[in-house]
Amino acid sequence: MSYSAHFACLAGCPNVAIPLPEPIYRCPSCGGLLDVKHDIEALRERSGEAWRVLFDERMRGGQWPLGSGVWGKHEWIAPELPLDHVVSMDEGRSSLLRAEAYGSSIGLRDLRLKLCGNSHTGSFKDLGMTVLVSMVKHAIHEGQRVAAIGCASTGDTSAALAAYGAAAQIPVVVLLPRGKISTAQLVQPIAAGARVLALDTDFDGCMKIMAELAQDGVLYLANSMNALRIEGQKTVVIEICQQLGWQVPDWLVLPSGNLGNGYAMYAGFRMMKELGLVDRLPRLALAQAENANPLYRAMVAGAKTVEAVTAKPTAASAIQIGNPVSAPRALRALEAMDGVVEQASEQQLADAAARADRTGLYVCPHTAVALAATEKLRAKDIIKEDEQVVVISTANGLKFTEFKVRYHEDQLAEVDAGFANKPLELAADYATVRKAIEKMATD
Ligand SMILES: *Cc1c(COP(=O)(O)O)cnc(C)c1O
Ligand SMILES: [Zn+2]
């Protein structure tokens with residue numbers, strides 16, 4: 001059996017079929033976004049049941065690199081990429097945690113968190129980056145000249161790119177606005193040896209220069225305009241169905257910024273349904289920070305396109321995006337999955353995080369946006385009590401110590417920290433300590 005995939009135009013321009021190793025990021029015909037198109041007829045030669053069995057075997061088997069949550073599905077991702085060019089850090093296979101205490105506190109009987117932050121660099125960005133960096137390694141092997149892979153990013157994208165680039169020994173360049181990013185936010189790419197260039201501009205200015213560098217072939221582009229990242233990210237939903245015994249949840253809720261990941265959810269489900277692994281799609285809820293909510297505004301206005309806004313600072317820094325690159329992709333996903341868009345203020349996201357943490361979850365601020373949105377959709381009875389909800393937890397809470405510390409010190413902007421838990425300072429005296437503990441029981 002031979003499977004194949006190529007870049008096609010998302011908007012459907014005819015005769016666009018570009019090999020995946022080509023460094024091309026926009027449709028040559030209309031200038032719009034690209035999409036990876038698979039030969040579905042060839043994949044149909046194996047039944048839905050046979051694919052399910054194969055994926056389950058690989059997930060259990062742990063054979064390198066097929067034990068990776070992404071590469072166990074390689075025929076659906078990059079079928080022509082030789083497995084010995086794969087650059088894997090054993091991504092995926094993250095836990096699907098049942099959040100019983102938190103779920104019941106918000107009126108849900110079955111709420112699960114897909115912990116994508118339990119991954120090599122601590123966010124779901126690993127899932128797409130393994131595909132992108134593997135494809136670059138393959139292209140170099142085929143004789144293409146790639147001096148370095150680049151991205152404009154202040155957080156999880158640069159952390160993932162730097163790690164996978166370092167693993168493959170391919171140079172990485174990260175562009176960011178000078179003086180606006182703390183060393184703590186940058187420590188992963190710095191440690192991995194990426195060349196970090198701090199420019200006298202804002203994030204959009206960095207992105208513009210990055211796009212030009214990619215256009216001129218100076219750097220291979222790793223930002224999410226690159227459709228290869230979607231191919232890896234879509235495995236999350238396949239894995240969720242696997243973990244549910246190939247059942248489909250009623251809802252998927254995720255925090256959204258550039259809107260690529262929302263489309264990845266759809267891309268994964270579309271393929272599973274076309275190939276007979278599942279018989280329906282869940283509903284999709286995309287959650288935005290109120291301070292960076294262009295998609296929410298478009299939905300409220302009933303608009304068919306997304307107008308850029310100026311994103312204001314939010315604790316959910318990875319989704320502080322005013323002009324989302326993948327808006328046309330997300331609109332397709334929302335339409336196909338009977339989707340909704342919800343938003344969360346800084347107060348709502350901080351409260352959701354604090355209450356979730358008190359049930360042991362320790363969520364990142366982006367996951368908190370999704371939880372706050374889930375609470376609001378439940379309160380409006382759009383999500384019903386007995387529906388099964390899976391929230392995509394996009395990063396590990398341990399990457400966001402500053403957010404947690406500032407909350408519990410009541411220092412977060414726009415937030416009244418009602419659940420702050422301050423340490424009690426006491427004299428080193430048995431009676432005083434005992435009294436404090438006894439008082440706890442009556443508080
Ligand atoms: C990148 C990122 C997002 C947003 O994903 P998009 O595809 O840009 O919508 C959400 N949460 C975290 C932690 C991220 O790193
Ligand atoms: Zn086109």
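At least one side-chain heavy atom of Met265 sits less than 4.5 Å from a side-chain heavy atom of Ile392. Side-chain contact between Val173 and Ile149 is absent, with no heavy atoms from C-beta onward closer than 4.5 Å. Taking the side chain as every heavy atom from C-beta outward, Cys241 and Val237 never approach each other to under 4.5 Å. At a threshold of 4.5 Å between non-hydrogen side-chain atoms, the residues Pro365 and Ser317 do not count as touching. Side-chain contact check for Thr394 versus Pro255: some heavy-atom pair is nearer than 4.5 Å. Looking at His6 and Ile18, their side chains never come closer than 4.5 Å, going by heavy atoms from C-beta outward. Side-chain atoms of Leu371 and Val363, non-hydrogen and from C-beta on, do get closer than 4.5 Å to each other. When side chains are defined from C-beta on, Arg229 counts as touching Met129, because their heavy atoms get closer than 4.5 Å.
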Exercise for the section: Evaluate the side chain to side chain donor-acceptor pair (under 3.5 Å) criterion for residues Trp64 and Asp90: first the C-alpha distance (whole Å), next the side-chain angles of each, then the deciding distance (0.1 Å), finally the verdict. Expected result: CA-CA 8 Å; Trp64 191 271; Asp90 207 22; over 6 Å; no
Practice task
Test Val172 against Arg195 for side-chain contact (heavy atoms from CB on, under 4.5 Å), laying out the working first.
Solution key: CA-CA 6 Å; Val172 166; Arg195 174 53 62 205; over 6 Å; no
Practice task
Take Leu10 and Leu34 through the side-chain contact (heavy atoms from CB on, under 4.5 Å) test and state the conclusion after the steps.
Solution key: CA-CA 5 Å; Leu10 180 73; Leu34 295 174; over 6 Å; no
Problem - CA sep, side-chain torsions, deciding dist, call: Glu375, Tyr102, side chain to side chain donor-acceptor pair (under 3.5 Å) - result: CA-CA 10 Å; Glu375 291 182 18; Tyr102 175 74; 2.5 Å; yes
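Applying the salt bridge (Lys or Arg N to Asp or Glu O under 4.0 Å) rule to Arg332 yields no partners; only residues at least two apart in sequence or on another chain are considered. Listed by chain and residue number, Pro294, Leu295, Ala298, Pro324, Ala327, Leu331 satisfy the side-chain contact (heavy atoms from CB on, under 4.5 Å) test with Val306 (two or more places apart in sequence, or in another chain). Every residue two or more places apart in sequence or in another chain that forms a ring pair (Phe, Tyr, Trp, His ring centres under 6.0 Å) with Tyr220 is listed here: Tyr25. With sequence neighbours excluded, the residues that form a side-chain contact (heavy atoms from CB on, under 4.5 Å) with Thr314 are Ala289, Asn291, Ala316, Gln320, Glu346, Leu349. In terms of the side-chain contact (heavy atoms from CB on, under 4.5 Å) criterion, residue partners of Leu398 (sequence neighbours excluded) are, by chain and number, Tyr362, Asn396.
Considering all non-hydrogen atoms of both residues, Cys27 and Cys13 come closest at SG-SG, 3.9 Å. For Cys206 against Leu176, the heavy-atom pair with the smallest separation is SG-C, 3.3 Å. Taking each heavy atom of Leu286 and Ser256 in turn, the nearest pair found is CD2-OG, 3.4 Å. Looking at every heavy atom in both residues, Ala78 comes nearest to Met135 through CB-CE, 3.9 Å. Counting all heavy atoms, side chain and backbone alike, Ile230 lies closest to Ala267 at CG2-CB, 4.3 Å. Minimum heavy-atom separation, Val253 to Thr374: CG1-OG1, 3.6 Å.
No side-chain donor from either of Lys114 and Ser393 sits under 3.5 Å from a side-chain acceptor of the other. Side-chain contact annotation: Trp71 with Thr130, donor-acceptor N/O pair under 3.5 Å present. Using modelled atom types and a 3.5 Å distance limit, the side chains of Asp126 and Thr121 yield a donor-acceptor pair. Side chain to side chain, Gln242 and Lys73 meet the donor-acceptor criterion of an N or O pair below 3.5 Å.
Interatomic distance, NZ of Lys208 versus CG of Leu199, reported as 12.0 Å (0.5 Å rounding). Here the straight-line distance linking atom CD1 of Ile40 with atom CH2 of Trp76 works out to 7.5 Å at 0.5 Å rounding. Interatomic distance, CG of Asp110 versus CG of Asp250, reported as 9.0 Å (0.5 Å rounding). Note: Cys364 SG to Asp156 CG = 8.0 Å, rounded to the nearest 0.5 Å. Rounded to the nearest 0.5 Å, atoms NZ (Lys399) and NZ (Lys404) are 14.5 Å apart. To the nearest 0.5 Å, the span separating SG on Cys151 from CG on Leu221 amounts to 8.5 Å.
Salt bridge annotation for Lys380-Glu342: present, with a cationic side-chain nitrogen under 4.0 angstrom from a carboxylate oxygen.
Of the options Arg26, Arg329, Arg270, a salt bridge (Lys or Arg N to Asp or Glu O under 4.0 Å) to Asp35 is made by Arg270 and by none of the others. Checking Thr201, Asp200, Leu197 one by one against Arg178, the side chain to side chain contact (heavy atoms under 4.5 Å, CB included) holds for a single residue, Asp200.
Within the structure, ring-ring contact (aromatic ring centres under 6.0 Å, His included) contacts touching residues 137-183 (residues at least two apart or in different chains) are His85-His138, His85-His141.
Between Phe55 and Trp51, the ring-plane angle classifies as tilted under the 30° and 60° cut-offs.
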